[in-house]
There are 2 protein chains.
Amino acid sequence: MRKPVRIFEVAREAGVSPSTVSKVLNGTQRMAAATEARVWKAVSKLGYHANLHAQILSTGRSRALGVVILDILNPHFTALVKGAGQVAAERSYTVLLADAEENPRREQELIQSLKARTDGLILAGSRLSDEEIVALHSPEQPIVTVGRRIAGVPSVTVDEYTASLQLTSHLIAQGCKHITYLAGPPFWVNQERERGYRDALQQAGLAPQVLSLTTPDLLGGEQASALLWAARPFPDAVVCYNDLAAIGLMASLKTLGVKVPQEVAVAAFGNHPLAAHLSPSLTHMEIPSRKLGELATGLLVELLECPREEAIQVIQYAVLRPRESSIIRV
Amino acid sequence: MRKPVRIFEVAREAGVSPSTVSKVLNGTQRMAAATEARVWKAVSKLGYHANLHAQILSTGRSRALGVVILDILNPHFTALVKGAGQVAAERSYTVLLADAEENPRREQELIQSLKARTDGLILAGSRLSDEEIVALHSPEQPIVTVGRRIAGVPSVTVDEYTASLQLTSHLIAQGCKHITYLAGPPFWVNQERERGYRDALQQAGLAPQVLSLTTPDLLGGEQASALLWAARPFPDAVVCYNDLAAIGLMASLKTLGVKVPQEVAVAAFGNHPLAAHLSPSLTHMEIPSRKLGELATGLLVELLECPREEAIQVIQYAVLRPRESSIIRV
DNA sequence: GGCGTTTTGGAAACCGCTTTCCATAGAGAA
DNA sequence: TTCTCTATGGAAAGCGGTTTCCAAAACGCC
């Protein structure tokens, strides 16, 4: 077992002091070219790598960003992570990722763990209360939320209200009269989507009907078919909180012998990679997940490098992707 | 800006020395009940949290595990992470996750970054050479590979050879005569799958035909349809390296007007959550991704807590899930 | 050649916690 | 009452870097 090389040994090898080695390695202070060369030579000869924790302890900066996502099995969040990873790499930060497993207690644990290891956090799909999130945010250790707008906290979000208005209007334009909304967990995103749905229906003079998903995933969607089945009037269209639920729902409807879109049109929010590959292919408002990750990371790095008082809120827009699940040809 | 509380201030508040506080908090040495109570009271009054990096620097252990996965967009790896996270939490370790983005250079960077932050690493779907991986492994900082068997390195793998033998035999049993294998990247998993495929064909007296995916994902699968199209004889069945590729392939075949499974049967390896939801649903050898994550993490923790000389190799088995994409009813 | 600047590089304090070793006090034994 | 032993808690030396200051050397200039 080789003990790792320490800065002292590099210093001895180069015939200088540890502080000189540190300065050369970090470019903190110019040294005579000859000295720098000796240091670099010693470093590569000994294969020196600075001890990360000693460094962080000393400098107080880790050049790491924490990303906490709601559920790693949901493609929305993994795409977001991809975007975050890319921008972080460009700005030479390391991303430390954690999966909250849709569990607020676990989320808090992970946040604490990541807070201790990083310079700042991105919370994507948090299930914490607004107060808890506000309490977490500080100029020294900033937080950026994704999919959550809270006063005083920087965020990157989609204009979900408009997205929902558009998606619902699309169904109305298809001639649907009884449009049900399958609601997700009662957080910001769902609130906005439900509001847009209700407003669109009201403008068209239609009555809303909201049912709640047990969980915002495949299984929840499958279970929702039972709810729909019991609903009167039986809807001729469903707006789903996310596309995972829509996919589960469509699978379940198929086994029930309900035809999509002929008997029920289905539409959702998301950007599931297989939305276009299903039969019928799935209509959705495409959420730019990856872009959200990129923007959130960019914003966080910005906040770290020049702290600001006001909480910046970045807004993106979803795009309607009409597909077979909602196109009704009479 | 509140400065974080240090152990010294807790000590002062409790009227003891920092070493006493440390001992009470870590349970390193028994103290008089009254003293312990004073320390705990001071801790909660001041809201003290030990500085992680100081702690790690001092003890040399971080109680964190690094998990490097090939591609976070691939459900196989995210399921694996889920399993890893669960076991790590049970053993009170923190998982630090990194996405190698199928890029060996990036992978090495991430490994170095995680090596500095963790007590041990899990490499799932590594694209490094055997030599590089062996060089990374050491009893002090063990590595466990998933989906890769290398002499001297602990690993958790599926018996891919047998899995492939079974899957190919299944297609042969369906009466297929011209079975093509769509190969993935030339690493252990693909080698084993290809070997199983070849052996199954040979036993049946059939001729193998191997084509290579550009990438082992949706896009690669879509692009592969062109290769198939050009192949003579045109196959009546395809074994795909993974189910992402199979899904892409089936989508592409659909646009070409080739019927699955009537004209071409399709089968793959993996456990994509939508495999059963597609039309036609996808036959595959189900890889227990989550279980692999659990086992790898359990093994790694074991290795950390009682280091061993010999490199343990854990083996799991895949299960055939016959579905519509390969069931040919004449 | 003398003097004021720059360069160059080292000493030492510090980051915040753990841990070893040692001193003291109180309990129990004789 | 004295002595030994154990329970309790503190002092100080790390862990491995960074950074502030300061001294010495080298330089330019008159």
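Below, chains carry the letters A, B, ... as their sequence lines are ordered, and counting in each starts from 1.
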Any side-chain N or O of A/Ser17 under 4.0 Å from OP1/OP2 of C/dG10?
yes

Rounded to whole Å, how long is the line connecting atom CG of B/Asn26 with atom P of C/dT20?
12 Å

State whether A/Gln55 places a side-chain N or O below 4.0 Å from either non-bridging phosphate oxygen (OP1 or OP2) of D/dT18.
yes

Options C/dC17, D/dG17, C/dG9, nucleotide nearest the side-chain atoms of A/Met31
C/dG9

Is any side-chain nitrogen or oxygen of B/Thr35 closer than 4.0 Å to OP1 or OP2 of D/dG9?
yes

Nearest 0.5 Å, what's the NE2-CG distance between B/His76 and B/Leu80?
5.5 Å

Output the rounded distance in Å from CD1 (A/Ile7) to C1' (D/dT18).
8 Å

With heavy atoms under 4.0 Å as the rule, sort A/Thr59 into base, sugar-phosphate or nothing.
sugar-phosphate

Can you see whether B/Thr157 engages B/Gln316 through a side-chain donor-acceptor pair at a distance of less than 3.5 angstrom?
no

Between B/Gln55 and B/Arg61, do the side chains contain an N or O donor and an N or O acceptor separated by less than 3.5 Å?
no

Between C/dC21, C/dT8, D/dA12, spot the one nearest the side chain of B/Ser19, thanks.
D/dA12

Nucleotide nearest B/Ala32 (side chain, heavy atoms from C-beta), chosen from C/dC17, D/dG17, D/dT8:
D/dT8

Quick one: is C/dC15 close enough that its OP1 or OP2 comes under 4.0 Å of any side-chain N or O from B/Asn51?
no

Would B/Arg149 and B/Ser155 count as having a side-chain donor-acceptor pair, cut-off 3.5 Å?
no

Side-chain N or O of B/Ser22 closer than 4.0 Å to phosphate OP1/OP2 of C/dT18:
yes

Which nucleotide in D/dG17, C/dC15, C/dC21 has an atom nearest any side-chain atom of B/Lys23:
C/dC21

